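Residue numbers start at 1 and run along the sequence shown. Keep in mind that what you see is a predicted model, and the values were worked out from it rather than measured.
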Amino acid sequence: MQITDVKLEMFKWPREVPITNGLYTYTHNLLNIVVIETDDPNITGIGLAGGIEASPEVGDAIIGHFKKMLVGMDPLDNERIWREMWRPKLVGRRGITTRMLGGVDIALWDIKGKVAGLPVYKLIGGYTDRVDTYVAGGYYEEGKGLKELAAEMASNVELGARAVKIKVGAVPINEDIERVRVCRETIGPDIRLMVDANNAYRHYEAIEFARKAEKYDLFWFEEPVEPDDYIGQREITRATSVPVAAGENEYTRYGFRDMIDHRAVDILQPDALVLGGITEFMKVAALAQAHDLDIAPHGSQYVHIHLVAAIPNGLILEYYRDTVDPMHGKIWQHELYIEDGYVHAPDRPGLGLEPKWDVLEEFRV
């Protein structure tokens, strides 16, 4: 089997109301699909790549660069292909090049699963066929006060979630503590509650927030400081009983090695769409397992359902619903749904991703 074409399909659609986290405001949702065609007309790989909203033309150029070396190669040789693409002097280590490399790698694993006739989670580990799940949300929005935040959390629980996450860091600490209090009172004592600062704090501010929030029984405190501030994260983990989670902005096994060596976090959050794909994600998962650390991936449930289900240290899956993505349930032939707090891994070959190209066409970049 040979690769015959590699291309990037980019789509973007607006939100009715922009959403804000600790540092950033988002007016649109973006979807970057890497498509790898082979000389078998029945086998096409579908992968997803991390956000490139600032430079879509750069992402497209990088895929064009990869295409020159990939056409003619065997798509089943994922380790060889990963190494051929990753040239850290020019391509790799961090940033858009590694995100695009990851999108290619994810598409290659989709091909592997289709050739084997197996879902990816079975192909790479097959630890379980269902995973615990939390609903991500709780963003700041214009006109969204405590009443609306409470209603959102109640709706997430009604959806079947046994864990929910909200954003913090964009308002004064005591105001965010009040938001945490309202959420805890709304969901009750048995639903897990996470908070995510998206790098908004200095380490001493994060310690203040964590200590004030401890009484509300937080399951984790996510990305309290900038991703490269390993020492600051370590100080936070030592100063509070709230577990610290981070890693969505980390790249490759080398970055996670350094996080672990600094004892910077309690829970690792690799994102296969960012760090370099499934091939690299599995190395991070093994490294974490060797240090008795759990994995709670950041981002796309469609890829990460397979990765959490494949490994023994997969803790929980992040799940985005229509409150975050207005096109949720509309762009894939087969959606993922929460059932009694769990999401079941797809049993279709590969990743099970079949885009509704006719629906997406309207939003093509």
Side-chain angles (χ1 to χ4, degrees), residues 119-138 152-167 180 183-184 186-196 216-223 241-248 256 265-273 275 278 281-282 284-286 288-289 291-325 328-329 332 334-348 351-352:
V120 167
Y121 86 95
K122 284 282 191 183
L123 198 62
I124 60 178
Y127 183 76
T128 183
D129 63 358
R130 67 173 190 171
V131 298
D132 203 358
T133 305
Y134 72 91
V135 174
E152 179 189 348
M153 295 302 108
S155 175
N156 289 343
V157 174
E158 291 172 3
L159 190 69
R162 296 184 300 187
V164 296
K165 187 172 78 178
I166 68 168
K167 300 298 182 179
V180 171
C183 289
R184 172 51 72 198
T186 298
I187 65 178
D190 298 326
I191 302 296
R192 286 164 291 178
L193 176 61
M194 299 90 151
V195 297
D196 183 1
Y216 298 114
D217 189 24
L218 297 182
F219 190 67
W220 74 50
F221 183 11
E222 182 172 338
E223 283 208 306
S241 62
V242 178
V244 173
E248 70 178 76
F256 284 92
V265 294
D266 301 296
I267 299 166
L268 294 176
Q269 296 182 296
D271 186 335
L273 283 65
L275 68 88
I278 294 174
F281 182 101
M282 294 303 291
V284 170
Q289 188 179 1
H291 290 82
D292 294 315
L293 292 171
D294 284 334
I295 296 285
H298 163 268
S300 172
Q301 61 252 35
Y302 301 100
V303 172
H304 292 120
I305 178 62
H306 290 275
L307 308 188
V308 180
I311 58 178
N313 55 331
L315 177 64
I316 197 167
L317 177 73
E318 185 164 28
Y319 186 92
Y320 297 99
R321 56 170 299 191
D322 51 0
T323 51
V324 175
D325 182 0
H328 173 73
W332 303 106
H334 305 283
E335 287 292 340
L336 297 175
Y337 297 101
I338 298 174
E339 299 178 23
D340 298 324
Y342 296 95
V343 171
H344 290 262
D347 59 3
R348 297 176 298 280
L351 293 169

**OP:** Please test Leu193 against Asp217 for side-chain contact (heavy atoms from CB on, under 4.5 Å), starting from the C-alpha separation and ending with a verdict.
**Re:** CA-CA 7 Å; Leu193 176 61; Asp217 189 24; over 6 Å; no
Original post:
When you measure from the side chain of Glu223 to the backbone N and O of Ala246, does any donor-acceptor pair fall under 3.5 Å?
Top reply: no
**OP:** Return the orientation label for the Tyr121 and His306 ring planes: parallel under 30°, perpendicular over 60°, tilted otherwise.
**Re:** tilted
Original post:
So, do Ile166 and Val180 sit near enough that their side-chain heavy atoms are less than 4.5 Å apart?
Top reply: yes
Subject >> Residue Asp322 excluded, over 12 heavy atoms near CG under 6.0 Å >> reply: yes
Original post:
So, the side chain of Glu318 versus the backbone of Ala296: is there a donor-acceptor pair under 3.5 Å, distance only?
Top reply: no
**OP:** Check whether any side-chain heavy atom of Val308 sits under 4.5 Å from a side-chain heavy atom of Ile295, and report yes or no.
**Re:** no
Subject >> Shortest non-hydrogen contact from Cys183 toward Met153 >> reply: SG-CG, 3.7 Å
Original post:
Hey, mind stepping through Ser300 and Leu273 against side-chain contact (heavy atoms from CB on, under 4.5 Å) and telling me if it holds?
Top reply: CA-CA 8 Å; Ser300 172; Leu273 283 65; 4.2 Å; yes
**OP:** Only one of His298, Glu222, Glu248 passes side chain to side chain donor-acceptor pair (under 3.5 Å) with Gln269; say which it is.
**Re:** Glu222
Original post:
Do the charged groups of Glu339 and Arg130 touch, with an N to O distance under 4.0 Å?
Top reply: no
**OP:** Decide yes or no for His344 and Tyr337: does some side-chain heavy atom of the first lie under 4.5 Å from some side-chain heavy atom of the second?
**Re:** no
Original post:
Any idea which heavy atoms bring Asn313 and Ala285 closest together, and the distance?
Top reply: ND2-O, 3.2 Å
Subject >> Contact summary for Ala272 and Ile278, nearest pair of heavy atoms >> reply: CB-N, 4.4 Å
Original post:
Hey, does Leu275 have a side-chain heavy atom less than 4.5 Å from the side chain of Phe281?
Top reply: yes
**OP:** Determine whether the aromatic ring centres of Tyr319 and His328 lie less than 6.0 Å apart.
**Re:** yes
Subject >> Trp220 to Ala245 - nearest heavy-atom pair and separation >> reply: CG-CB, 3.8 Å
**OP:** Can you measure from OH (Tyr134) to CZ (Arg192) and round to the nearest 0.5 angstrom?
**Re:** 11.0 Å
Subject >> Distance in Å, Gln301 CD paired with Leu336 CG, rounded so as to fall on 0.5 Å steps >> reply: 6.0 Å
**OP:** Could you grab the distance from atom NZ of Lys122 to atom CG of Asp347, nearest 0.5 Å is fine?
**Re:** 10.0 Å
**OP:** Give the intermediate values and the outcome of side-chain contact (heavy atoms from CB on, under 4.5 Å) for residues Leu315 and Phe219.
**Re:** CA-CA 12 Å; Leu315 177 64; Phe219 190 67; 4.2 Å; yes
Subject >> Sidechain-backbone polar pair: Asp266 side chain, Val244 backbone, donor-acceptor under 3.5 Å >> reply: yes
**OP:** Can you see which heavy atom on Ile191 is nearest to which on Ala161, and at what distance?
**Re:** CD1-O, 3.9 Å
**OP:** Quick one: pull up CZ in Arg162 and CD1 in Ile316 and give me the separation to the nearest 0.5 Å.
**Re:** 8.5 Å
**OP:** Compare every heavy atom of Ala309 with every heavy atom of Ala345, then report the nearest pair and how far apart it is.
**Re:** CB-CB, 4.3 Å
Original post:
Do Met282 and Ile124 pass the side-chain contact (heavy atoms from CB on, under 4.5 Å) test, and can you show the C-alpha distance, the side-chain angles, and the key distance before you say yes or no?
Top reply: CA-CA 8 Å; Met282 294 303 291; Ile124 60 178; 3.8 Å; yes
**OP:** Compare all side-chain heavy atoms of Ile187 with those of Arg184 and state whether any distance is below 4.5 angstrom.
**Re:** yes
Subject >> Any side-chain heavy-atom pair of His304 and Asp271 under 4.5 Å >> reply: yes
Original post:
If we only count heavy atoms from C-beta on, is the Tyr127 to Ile311 side-chain gap below 4.5 Å?
Top reply: no
Subject >> Identified side chain to side chain contact (heavy atoms under 4.5 Å, CB included) counterpart of Leu317 within the set Asp132, Ile338, Ile305 >> reply: Ile305
Original post:
Is any side-chain heavy atom of Glu152 less than 4.5 Å from a side-chain heavy atom of Thr323?
Top reply: yes
